[in-house]
Amino acid sequence: MDREVLVVGAGPTGLALALHAHAHGAEVRIVDRRVEPRPSRALVMHPRTLEQFRPLDLVDVLRRRALDEPQALVHLGSRTVRVRLDDLRVGDGPLGHPWMVRQRDVEDVLADALHQRGVRVERGAALEDLAVGRDGARALLRGPSGEERVTARWVAGCDGIEGAVRLLAGIPVVSRAYRQEVLLADVDLSGDLEAGVAHVVAASRGLVFVFALGERAPWRVLATRGANDTGRQGPPDRDELQQLLDASGLAVRVDRVAWSDRLRLARRLAARYRRGPVVLAGDAAHSHSPAAAQGMNLGLQDAAALGWRLALADSARRPGVLLDSYEEERRPVARASITLTDLVFWAESSPTGVAALLRGVLAPLAAPLAPALLRRPALTAPTLRLLAGLWVQHRHSPVSRDDLPGHRGLRPGDRLPDSEVVTEHGPVRLHDLTARPGIHVLLARNARDVPPSTLGPRVHVHRLRDRPGTTLVAVRPDGYLGYRGTDPVHLRAWLGDTGALDRAVGVARATR
Ligand SMILES: Cc1cc2nc3c(=O)[nH]c(=O)nc-3n(C[C@H](O)[C@H](O)[C@H](O)COP(=O)(O)OP(=O)(O)OC[C@H]3O[C@@H](n4cnc5c(N)ncnc54)[C@H](O)[C@@H]3O)c2cc1C
């Protein structure tokens with residue numbers, strides 16, 4: 001085998017997957033057919049995605065690339081409503097609100113982190129063929145120095161909606177095109193537009209976003225339209241963008257178009273996420289409209305769920321079960337996101353009927369109530385939790401094991417919340433305690449001892465002095481509880497299922 005994991009595609013999903021797999025001990029190679037990354041699409045990152053970067057130590061560097069005090073000005077007819085994203089708190093930790101950060105910045109941060117760990121992103125290298133075997137795959141890459149045949153134990157298809165991996169692995173996809181199209185442009189604007197904030201206009205023909213996050217010019221315009229509205233094709237020019245902004249009611253002039261694009265989108269879901277050694281993640285497995293800012297976040301969360309599994313699978317008692325549990329957990333999340341984004345996309349962009357009435361008439365009428373409504377967490381929190389992916393739990397996953405069924409409290413499959421606990425070193429936040437790659441075992445005050453030396457380097461054990469009782473729980477690398485019980489022998493069995501037990505330690509114990 002040339003490499004344990006070959007990651008095809010260095011978009012956000014592939015880069016994050018390479019980092020997570022590497023952090024858990026895999027030898028990784030990552031290739032992308034593009035010489036230069038694509039202009040950003042995603043601009044919003046949700047708290048659940050951010051907290052999964054903590055074990056990779058990337059939150060601070062991402063924060064430096066994100067907008068400080070992000071705000072949106074929502075234009076509803078003649079009224080405007082200011083929304084401070086910092087106020088939209090959801091979740092329990094310090095990362096409890098959405099961030100505005102360009103996809104390109106996220107990709108740069110992840111690529112730099114790989115580089116620092118000795119993994120080079122090989123740009124200009126495309127996957128052209130793939131043969132799937134029982135114990136690995138053979139891939140044909142074409143790069144700057146010609147053809148290369150490589151073998152890999154696992155191939156991760158993170159190659160986006162037009163990716164070759166899914167096709168070559170023979171995994172079908174269900175796909176349906178939207179009737180709307182998306183216009184994107186980086187522009188210089190002059191006129192009456194508050195700087196540094198995102199403007200959202202609820203126009204009767206669809207929402208128009210103007211973000212202070214352009215890449216090739218200060219402003220990024222994003223708008224959705226019925227695909228046959230104008231009959232135009234190709235990147236929108238200055239006139240079309242000016243008409244769009246005029247119709248939205250924003251009093252601005254397009255002075256220059258630095259870059260633009262027109263996208264026809266489809267919702268897609270791969271029929272399965274794995275065939276033998278080939279696994280799909282991110283847009284290669286699922287895609288949908290940009291409404292509700294879900295796609296990149298989903299891909300990054302897929303990467304957190306898959307990275308440790310690929311790295312540990314061959315040490316697991318049943319590698320197939322461990323890897324298939326990735327699909328069993330993540331595919332329903334993608335399906336739910338498709339439903340959610342379809343609904344939001346319809347409300348955002350349907351040019352007729354109820355959606356147009358909502359945007360054009362009802363929303364402006366409700367505008368005076370909006371600030372008071374936004375200040376009520378009881379009203380905003382459920383929506384934000386939905387958007388942030390904080391609703392996701394994996395209680396029925398084959399890798400969730402509960403030896404204390406019926407007991408109250410957190411159960412295997414639940415996300416580990418962030419709260420203060422006390423260890424032998426004093427008070428600490430749970431998410432700080434677990435901000436290291438690997439599996440974290442949390443022992444209640446009177447739980448039986450689990451000597452870390454019997455578990456190996458991928459398992460970290462912490463005793464929580466302020467938590468009464470005898471329970472021990474294991475937290476997976478992606479932040480979900482995997483095991484709950486009281487018996488260290490059962491904990492070891494669960495660790496063996498996940499491949500986290502050090503093989504050398506496991507064999508030494510088994511032969512005793
Ligand atoms: C207008 C718009 C706005 C969006 N806004 C948001 C948002 O705010 N928040 C959010 O979460 N999501 C958003 N999204 C979605 C987000 O951009 C995508 O979900 C995200 O890019 C998916 O990342 P990925 O790494 O899975 O795939 P991609 O970003 O598509 O990366 C795939 C990579 O694979 C490479 N590749 C393809 N084929 C091969 C091959 N044969 N060999 C080697 N390499 C290959 C490509 O060059 C590419 O670099 C938006 C999307 C659009 C269109």
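Keep in mind that the numbers below use all heavy atoms, side chains included, and drop hydrogens, waters and symmetry copies. Everything numeric here is computed off the predicted structure, so don't read it as measured data. One-based numbering, in listed order, for ligands and for the atoms of each.
- Summary of contacts: the protein heavy atom closest to atom 40 (C) of ligand 1 is L127 N, 3.8 Å.
- We find that R29 and E122 are joined by a salt bridge, their nearest charged nitrogen and carboxylate oxygen being less than 4.0 Å apart.
- The ligand atoms of ligand 1 that sit less than 4.0 angstrom from a heavy atom of A125 are 43 (C).
- Using a cutoff of 4.0 Å between basic side-chain nitrogens and carboxylate oxygens, D108 and R65 are scored as salt-bridged.
- A salt bridge is absent between R153 and E27; no separation between the charged side-chain nitrogens and carboxylate oxygens falls under 4.0 Å.
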Side chain to side chain donor-acceptor pair (under 3.5 Å) between S40 and E215, worked out | CA-CA 8 Å; S40 290; E215 270 166 359; 2.3 Å; yes

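- Annotation: atom 35 (C) of ligand 1 to nearest protein heavy atom, D32 OD2, 3.2 Å.
- Counting atoms of ligand 1 from 1 in the listed order, those under 4.0 Å from a heavy atom of L43 are 7 (C), 8 (O).
- The nearest heavy-atom contact from the protein to atom 26 (O) of ligand 1 is T13 OG1, 2.8 Å.
- Ring geometry for W99 against H97 counts as tilted: the plane angle lies between 30° and 60°, on a 0 to 90° scale.
- A salt bridge links E36 and R104; the closest N-O separation between the charged side-chain nitrogens and carboxylate oxygens is under 4.0 Å.
- Considering G299, A42, P98 only, the shortest heavy-atom separation from atom 14 (N) of ligand 1 involves A42.
- Among D159, V31, L110, the residue whose heavy atom sits closest to atom 36 (N) of ligand 1 is D159.
- Residue L263 approaches ligand 1 through these ligand atoms, each under 4.0 Å from one of its heavy atoms: 53 (C).
- Cation-pi check for R267 over Y178 is met; the charged atom lies under 6.0 angstrom from the ring centroid and within 45 degrees of its normal.
- Under a 4.0 Å criterion applied to the non-hydrogen atoms of V44, ligand 1 contributes the atoms 8 (O), 9 (N).
- The closest non-hydrogen atom to atom 23 (O) of ligand 1, taken over C158, G282, P12, A303, comes from P12.
- Other residues, nucleotides and ligands place more than 12 heavy atoms under 6.0 Å from the CZ atom of R256.
- Looking only at heavy atoms of the protein, atom 10 (C) of ligand 1 is closest to M296 N, 3.3 Å.
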Any chance you could lay out the side chain to side chain donor-acceptor pair (under 3.5 Å) test for R253 and Q242, step after step, and finish with the verdict?
-> CA-CA 7 Å; R253 210 175 77 120; Q242 185 67 61; 6.0 Å; no

Pair R262-E240, salt bridge (charged side-chain N to carboxylate O under 4.0 Å, His left out): steps then yes or no = CA-CA 11 Å; R262 183 190 310 269; E240 187 177 358; 2.8 Å; yes

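- What you find for R331 and Y273 is that their closest heavy atoms are CA-OH, 3.6 Å.
- Nearest protein neighbour of atom 27 (O) of ligand 1, counting heavy atoms only, is G160 CA, 3.8 Å.
- Residue R33 holds the heavy atom nearest to atom 38 (N) of ligand 1 of all those in R123, R33, R38.
- Compare R41, E128, H288, Q103 by their heavy atoms: the one nearest to atom 20 (C) of ligand 1 is in Q103.
- The nearest heavy-atom contact from the protein to atom 31 (O) of ligand 1 is G11 CA, 3.6 Å.
- For L184, every heavy-atom contact with ligand 1 shorter than 4.0 Å involves the side chain, none the backbone.
- For atom 19 (O) of ligand 1, the nearest protein heavy atom (residue, atom name, distance) is D283 OD1, 2.8 Å.
- Looking at atom 2 (C) of ligand 1, its nearest protein heavy atom turns out to be P290 CB, 3.5 Å.
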